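Since the structure comes first, as C-alpha coordinates, the remarks are kept for the end.
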Amino acid sequence: MGWERANWFAPEGVEPAPVYSFGRQNWFPYAAAEHRAAREAVAVFDQTSFAKLRVQGADAEAVLQRLCANDVGVPPGHIVYTGMLNEQGGYESDLTVTRLAADAYLVVTGSAQSTRDLDWIRRHLPDDARVAVTDVTDAWAVLGVMGPRSRELLARVSGAVLGNAAFPFGASREITIGPATVRASRLTYVGELGWELYVPVGAAPGVYDVLQEHGRDLGLRDAGYYAMDSLRARRPTGRGAGRSRPRTRRGRRAWALRSGSTRRRRSSAARRC
(Lines give C-alpha, C1' and ligand atoms only; values in the text may rest on other atoms or scores of the structure.)
Protein backbone atom coordinates (compact mmCIF):
# COMPACT_ATOMS: atom_id res chain seq x y z
CA MET A 1 0.00 0.00 0.00
CA GLY A 2 2.86 2.39 0.79
CA TRP A 3 0.99 4.47 3.37
CA GLU A 4 2.62 5.80 6.52
CA ARG A 5 0.35 6.24 9.55
CA ALA A 6 1.40 7.90 12.79
CA ASN A 7 0.80 5.68 15.80
CA TRP A 8 1.54 8.46 18.32
CA PHE A 9 3.02 11.94 18.41
CA ALA A 10 6.12 12.65 20.46
CA PRO A 11 6.19 16.05 22.18
CA GLU A 12 9.14 18.35 21.70
CA GLY A 13 12.26 16.91 23.27
CA VAL A 14 11.07 13.30 23.11
CA GLU A 15 12.55 10.92 20.55
CA PRO A 16 9.73 9.67 18.30
CA ALA A 17 10.68 6.01 18.60
CA PRO A 18 9.03 3.19 20.56
CA VAL A 19 10.90 1.42 23.35
CA TYR A 20 9.51 -2.09 23.35
CA SER A 21 8.70 -3.69 26.68
CA PHE A 22 6.52 -6.33 28.31
CA GLY A 23 5.33 -3.53 30.57
CA ARG A 24 3.80 -0.17 29.74
CA GLN A 25 5.76 1.28 26.82
CA ASN A 26 7.23 4.75 26.48
CA TRP A 27 4.53 6.03 24.11
CA PHE A 28 1.64 5.33 26.50
CA PRO A 29 1.38 8.76 28.22
CA TYR A 30 1.47 10.56 24.87
CA ALA A 31 -1.20 8.35 23.29
CA ALA A 32 -3.24 8.74 26.50
CA ALA A 33 -3.11 12.54 26.13
CA GLU A 34 -4.29 12.21 22.53
CA HIS A 35 -7.12 9.94 23.69
CA ARG A 36 -8.20 12.50 26.29
CA ALA A 37 -8.12 15.30 23.71
CA ALA A 38 -10.61 13.39 21.53
CA ARG A 39 -12.79 12.64 24.57
CA GLU A 40 -12.67 16.07 26.21
CA ALA A 41 -11.67 18.66 23.58
CA VAL A 42 -10.76 18.05 19.93
CA ALA A 43 -8.18 15.98 18.05
CA VAL A 44 -7.18 15.65 14.41
CA PHE A 45 -6.43 12.23 12.91
CA ASP A 46 -4.83 11.54 9.53
CA GLN A 47 -7.22 9.02 7.95
CA THR A 48 -5.93 9.44 4.40
CA SER A 49 -4.94 5.79 4.04
CA PHE A 50 -8.53 4.54 4.08
CA ALA A 51 -9.36 3.33 0.58
CA LYS A 52 -11.76 5.40 -1.51
CA LEU A 53 -13.61 4.06 -4.55
CA ARG A 54 -15.80 6.20 -6.79
CA VAL A 55 -18.74 4.35 -8.32
CA GLN A 56 -20.32 6.43 -11.08
CA GLY A 57 -22.78 5.95 -13.88
CA ALA A 58 -26.46 5.58 -14.63
CA ASP A 59 -26.52 2.14 -12.97
CA ALA A 60 -24.42 3.01 -9.92
CA GLU A 61 -27.37 2.75 -7.52
CA ALA A 62 -28.58 -0.56 -8.94
CA VAL A 63 -25.10 -2.09 -8.73
CA LEU A 64 -24.56 -1.07 -5.11
CA GLN A 65 -28.08 -2.08 -4.10
CA ARG A 66 -27.28 -5.58 -5.35
CA LEU A 67 -23.94 -5.81 -3.52
CA CYS A 68 -24.73 -4.06 -0.23
CA ALA A 69 -26.86 -5.27 2.67
CA ASN A 70 -28.17 -1.84 3.57
CA ASP A 71 -30.33 0.43 1.42
CA VAL A 72 -28.10 2.84 -0.50
CA GLY A 73 -30.99 4.42 -2.40
CA VAL A 74 -30.69 7.61 -0.37
CA PRO A 75 -30.66 11.26 -1.48
CA PRO A 76 -27.32 12.88 -2.36
CA GLY A 77 -25.49 14.05 0.75
CA HIS A 78 -26.34 10.97 2.84
CA ILE A 79 -23.96 8.29 4.16
CA VAL A 80 -24.88 4.63 4.57
CA TYR A 81 -22.87 2.23 6.74
CA THR A 82 -23.20 -1.26 5.29
CA GLY A 83 -21.72 -4.65 4.73
CA MET A 84 -20.94 -5.86 1.24
CA LEU A 85 -22.14 -9.45 1.05
CA ASN A 86 -21.54 -12.59 -0.98
CA GLU A 87 -24.06 -15.10 -2.33
CA GLN A 88 -24.30 -16.88 1.05
CA GLY A 89 -25.02 -13.64 2.89
CA GLY A 90 -21.56 -13.51 4.45
CA TYR A 91 -19.43 -10.40 4.73
CA GLU A 92 -16.98 -9.56 1.99
CA SER A 93 -16.33 -6.05 3.31
CA ASP A 94 -17.45 -3.51 5.90
CA LEU A 95 -17.64 0.05 4.60
CA THR A 96 -19.48 3.32 4.14
CA VAL A 97 -21.23 4.49 1.00
CA THR A 98 -21.75 8.22 0.47
CA ARG A 99 -24.11 9.35 -2.26
CA LEU A 100 -22.48 12.28 -4.05
CA ALA A 101 -25.03 12.76 -6.84
CA ALA A 102 -27.84 10.90 -8.58
CA ASP A 103 -25.27 8.87 -10.50
CA ALA A 104 -22.22 8.89 -8.19
CA TYR A 105 -21.16 7.32 -4.89
CA LEU A 106 -18.01 7.33 -2.78
CA VAL A 107 -17.23 3.98 -1.16
CA VAL A 108 -14.77 4.21 1.77
CA THR A 109 -13.27 0.96 3.00
CA GLY A 110 -10.28 -0.32 4.97
CA SER A 111 -6.75 0.65 4.01
CA ALA A 112 -5.79 -2.96 3.28
CA GLN A 113 -8.93 -3.68 1.26
CA SER A 114 -8.65 -1.31 -1.69
CA THR A 115 -7.49 -3.87 -4.27
CA ARG A 116 -9.77 -6.59 -2.99
CA ASP A 117 -12.92 -4.46 -2.76
CA LEU A 118 -12.29 -2.82 -6.12
CA ASP A 119 -11.91 -6.26 -7.69
CA TRP A 120 -15.01 -7.61 -5.90
CA ILE A 121 -17.19 -4.79 -7.21
CA ARG A 122 -15.82 -5.00 -10.75
CA ARG A 123 -16.21 -8.80 -10.90
CA HIS A 124 -19.87 -8.49 -9.93
CA LEU A 125 -20.84 -5.81 -12.43
CA PRO A 126 -23.45 -6.97 -14.95
CA ASP A 127 -22.04 -7.06 -18.48
CA ASP A 128 -24.36 -4.28 -19.58
CA ALA A 129 -23.93 -2.10 -16.46
CA ARG A 130 -23.48 1.60 -17.21
CA VAL A 131 -21.03 2.24 -14.39
CA ALA A 132 -17.34 2.87 -13.80
CA VAL A 133 -15.48 2.05 -10.59
CA THR A 134 -12.30 4.03 -9.93
CA ASP A 135 -9.79 3.97 -7.06
CA VAL A 136 -9.48 7.63 -6.01
CA THR A 137 -7.59 7.01 -2.75
CA ASP A 138 -4.55 9.02 -3.83
CA ALA A 139 -6.62 12.06 -4.82
CA TRP A 140 -8.05 12.82 -1.38
CA ALA A 141 -6.47 13.42 2.00
CA VAL A 142 -8.75 12.79 4.97
CA LEU A 143 -8.50 14.71 8.23
CA GLY A 144 -10.68 13.37 11.01
CA VAL A 145 -11.65 16.23 13.33
CA MET A 146 -13.07 14.50 16.40
CA GLY A 147 -14.15 15.49 19.88
CA PRO A 148 -16.82 17.48 21.73
CA ARG A 149 -15.31 20.77 20.51
CA SER A 150 -14.98 19.69 16.86
CA ARG A 151 -18.15 21.55 15.89
CA GLU A 152 -16.84 24.75 17.45
CA LEU A 153 -13.54 24.46 15.60
CA LEU A 154 -15.08 23.73 12.20
CA ALA A 155 -17.61 26.54 12.61
CA ARG A 156 -14.71 28.92 13.21
CA VAL A 157 -12.79 27.94 10.10
CA SER A 158 -15.67 27.38 7.67
CA GLY A 159 -18.59 29.55 8.71
CA ALA A 160 -20.83 26.56 7.97
CA VAL A 161 -23.93 25.79 10.02
CA LEU A 162 -23.07 22.53 11.78
CA GLY A 163 -25.84 22.05 14.35
CA ASN A 164 -27.74 18.78 14.60
CA ALA A 165 -30.72 20.08 12.66
CA ALA A 166 -28.70 21.53 9.80
CA PHE A 167 -25.97 18.90 9.70
CA PRO A 168 -27.17 15.62 11.27
CA PHE A 169 -25.19 12.45 11.81
CA GLY A 170 -24.75 10.64 8.50
CA ALA A 171 -24.80 13.82 6.40
CA SER A 172 -22.08 14.77 3.90
CA ARG A 173 -21.68 18.05 2.09
CA GLU A 174 -19.11 20.50 0.79
CA ILE A 175 -17.83 23.32 2.97
CA THR A 176 -15.01 25.84 2.54
CA ILE A 177 -11.97 25.90 4.83
CA GLY A 178 -9.41 28.54 3.96
CA PRO A 179 -8.88 28.48 0.21
CA ALA A 180 -10.14 24.92 -0.22
CA THR A 181 -13.50 23.32 -0.83
CA VAL A 182 -13.67 20.10 1.18
CA ARG A 183 -16.28 17.40 1.68
CA ALA A 184 -17.29 17.21 5.33
CA SER A 185 -18.89 13.92 6.36
CA ARG A 186 -20.38 13.68 9.82
CA LEU A 187 -19.15 10.32 10.96
CA THR A 188 -17.24 9.16 13.99
CA TYR A 189 -14.60 6.47 13.97
CA VAL A 190 -13.86 7.06 17.65
CA GLY A 191 -17.29 7.38 19.24
CA GLU A 192 -17.33 11.17 19.67
CA LEU A 193 -18.84 14.06 17.77
CA GLY A 194 -16.79 14.61 14.64
CA TRP A 195 -16.39 15.09 10.92
CA GLU A 196 -14.18 13.47 8.30
CA LEU A 197 -12.83 16.13 5.95
CA TYR A 198 -12.08 14.91 2.43
CA VAL A 199 -9.55 17.39 1.10
CA PRO A 200 -7.88 17.51 -2.33
CA VAL A 201 -4.34 16.29 -1.66
CA GLY A 202 -2.71 19.50 -2.84
CA ALA A 203 -4.81 21.58 -0.46
CA ALA A 204 -4.37 19.35 2.61
CA PRO A 205 -1.34 21.13 4.18
CA GLY A 206 -3.15 24.47 4.03
CA VAL A 207 -6.34 23.07 5.56
CA TYR A 208 -4.32 21.38 8.32
CA ASP A 209 -2.54 24.67 9.10
CA VAL A 210 -5.87 26.52 9.35
CA LEU A 211 -7.20 23.91 11.80
CA GLN A 212 -4.06 24.16 13.93
CA GLU A 213 -4.12 27.95 13.96
CA HIS A 214 -7.74 28.18 15.08
CA GLY A 215 -7.79 25.17 17.37
CA ARG A 216 -5.01 25.89 19.85
CA ASP A 217 -7.23 27.51 22.47
CA LEU A 218 -9.72 24.64 22.13
CA GLY A 219 -7.10 22.08 23.13
CA LEU A 220 -6.55 20.68 19.63
CA ARG A 221 -3.98 17.89 19.44
CA ASP A 222 -2.63 15.67 16.71
CA ALA A 223 -3.64 12.09 17.41
CA GLY A 224 -2.40 8.77 16.09
CA TYR A 225 -3.66 5.25 15.62
CA TYR A 226 -2.86 4.04 19.13
CA ALA A 227 -5.30 6.64 20.45
CA MET A 228 -7.79 5.72 17.73
CA ASP A 229 -7.64 2.06 18.71
CA SER A 230 -8.16 2.80 22.39
CA LEU A 231 -11.09 5.08 21.55
CA ARG A 232 -12.62 2.37 19.37
CA ALA A 233 -12.18 -0.17 22.17
CA ARG A 234 -14.40 1.97 24.40
CA ARG A 235 -16.96 2.74 21.70
CA PRO A 236 -16.36 0.27 18.88
CA THR A 237 -17.30 1.23 15.34
CA GLY A 238 -17.32 -0.54 12.03
CA ARG A 239 -15.46 -0.11 8.76
CA GLY A 240 -12.97 -2.83 9.60
CA ALA A 241 -12.80 -6.41 8.44
CA GLY A 242 -11.56 -7.51 11.85
CA ARG A 243 -15.00 -6.80 13.28
CA SER A 244 -16.91 -8.76 10.63
CA ARG A 245 -18.37 -12.20 11.09
CA PRO A 246 -17.22 -15.22 9.04
CA ARG A 247 -18.15 -15.12 5.36
CA THR A 248 -19.90 -18.47 5.01
CA ARG A 249 -23.11 -19.80 6.51
CA ARG A 250 -21.22 -22.65 8.19
CA GLY A 251 -18.66 -20.22 9.57
CA ARG A 252 -21.37 -17.91 10.93
CA ARG A 253 -23.12 -20.85 12.64
CA ALA A 254 -19.83 -21.95 14.24
CA TRP A 255 -19.21 -18.37 15.37
CA ALA A 256 -22.64 -18.22 16.98
CA LEU A 257 -22.14 -21.54 18.77
CA ARG A 258 -18.73 -20.49 20.09
CA SER A 259 -20.13 -17.17 21.30
CA GLY A 260 -23.09 -18.88 22.97
CA SER A 261 -25.64 -16.74 21.17
CA THR A 262 -27.38 -16.50 17.82
CA ARG A 263 -28.74 -13.03 18.57
CA ARG A 264 -27.91 -10.41 15.94
CA ARG A 265 -25.64 -7.76 17.42
CA ARG A 266 -26.64 -4.16 16.91
CA SER A 267 -23.99 -2.20 15.05
CA SER A 268 -22.46 0.42 17.28
CA ALA A 269 -21.82 2.52 14.19
CA ALA A 270 -25.45 3.56 14.58
CA ARG A 271 -24.54 5.61 17.64
CA ARG A 272 -25.59 9.21 17.29
CA CYS A 273 -23.26 11.84 18.66
Side-chain angles (χ1 to χ4, degrees), residues 1-52 81 93-96 108-114 137-138 140-154 184-199 201 204-205 207-209 211-212 215-244 267-269 271 273:
M1 296 179 292
W3 291 103
E4 292 185 358
R5 307 203 299 192
N7 287 326
W8 55 283
F9 287 86
E12 188 173 353
V14 174
E15 183 182 2
V19 178
Y20 295 106
S21 168
F22 287 109
R24 182 169 289 181
Q25 297 184 28
N26 65 314
W27 50 262
F28 184 87
Y30 313 121
E34 297 164 16
H35 179 116
R36 285 193 297 271
R39 279 281 178 264
E40 301 168 4
V42 58
V44 59
F45 296 85
D46 182 359
Q47 298 176 222
T48 302
S49 64
F50 282 93
K52 311 167 199 72
Y81 171 62
S93 193
D94 179 60
L95 43 77
T96 58
V108 180
T109 185
S111 303
Q113 295 163 230
S114 56
T137 304
D138 293 349
W140 297 93
V142 182
L143 301 176
V145 181
M146 303 290 163
R149 306 195 76 175
S150 58
R151 179 183 283 123
E152 186 177 351
L153 173 56
L154 291 178
S185 294
R186 188 173 165 192
L187 291 174
T188 177
Y189 204 65
V190 298
E192 295 293 338
L193 175 70
W195 280 261
E196 294 178 356
L197 305 180
Y198 290 76
V199 188
V201 164
V207 170
Y208 173 83
D209 288 344
L211 292 172
Q212 290 290 336
R216 292 191 189 100
D217 66 316
L218 300 177
L220 177 66
R221 292 185 70 113
D222 292 314
Y225 277 72
Y226 286 165
M228 180 180 287
D229 284 346
S230 66
L231 290 157
R232 291 179 68 200
R234 285 180 56 85
R235 296 187 184 179
T237 59
R239 202 194 277 165
R243 297 192 176 273
S244 301
S267 169
S268 60
R271 294 180 186 275
C273 298

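Quantities reported herein were computed from a predicted structural model and do not represent experimental measurements.
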Would you mind reporting whether E196 and M146 have side-chain heavy atoms less than 4.5 Å apart? yes

Given side-chain contact (heavy atoms from CB on, under 4.5 Å), test R186 with L193 step by step and report yes or no. CA-CA 8 Å; R186 188 173 165 192; L193 175 70; 3.4 Å; yes

Restricting to non-hydrogen atoms, name the atom on G194 and the atom on S150 that form the minimum distance, rounded to 0.1 Å. CA-OG, 3.7 Å

Considering non-hydrogen atoms only, spot the tightest contact between A37 and R221 and give its length. CB-CD, 3.7 Å

Can you see whether T109 engages S93 through a side-chain donor-acceptor pair at a distance of less than 3.5 angstrom? yes

Heavy-atom closest contact (R232 atom, Y189 atom, distance): CG-O, 3.2 Å

In terms of heavy-atom contacts, F50 and G110 come closest through CD2-CA, 4.2 Å

Let me confirm one number: the CH2-CG distance from W195 to L187, rounded to the nearest 0.5 Å. 11.0 Å

Please report the interatomic distance CG(L153) to CZ(R216), rounded to the nearest 0.5 Å. 11.5 Å

What distance do H35 atom NE2 and E40 atom CD have between them, rounded to the nearest 0.5 Å? 8.5 Å

Inter-residue atom distance Q212.CD - D222.CG, 0.5 Å rounding: 5.0 Å

One should read off an interatomic distance between Y226 OH and E34 CD, to the nearest 0.5 angstrom, of 11.0 Å

In terms of heavy-atom contacts, L197 and L211 come closest through CD1-CD1, 4.2 Å

According to side-chain hydrogen bond (donor to acceptor under 3.5 Å, both in side chains), does anything in residues 18-30 pair up with another residue at least two apart or in another chain? List the pairs. Q25-W27

To the nearest 0.5 Å, what is the distance between OG on S114 and NZ on K52? 9.5 Å

Full working for side-chain contact (heavy atoms from CB on, under 4.5 Å) between V201 and D138: CA-CA 8 Å; V201 164; D138 293 349; 6.0 Å; no

Between L231 and R39, is any pair of side-chain heavy atoms under 4.5 Å apart? yes

On a heavy-atom basis, the closest approach of F45 and G224 is CE2-O, 3.6 Å

Given the rule in the side-chain contact (heavy atoms from CB on, under 4.5 Å) test, do D94 and Y81 qualify, once you have shown the distances and angles that lead to the verdict? CA-CA 8 Å; D94 179 60; Y81 171 62; 2.7 Å; yes

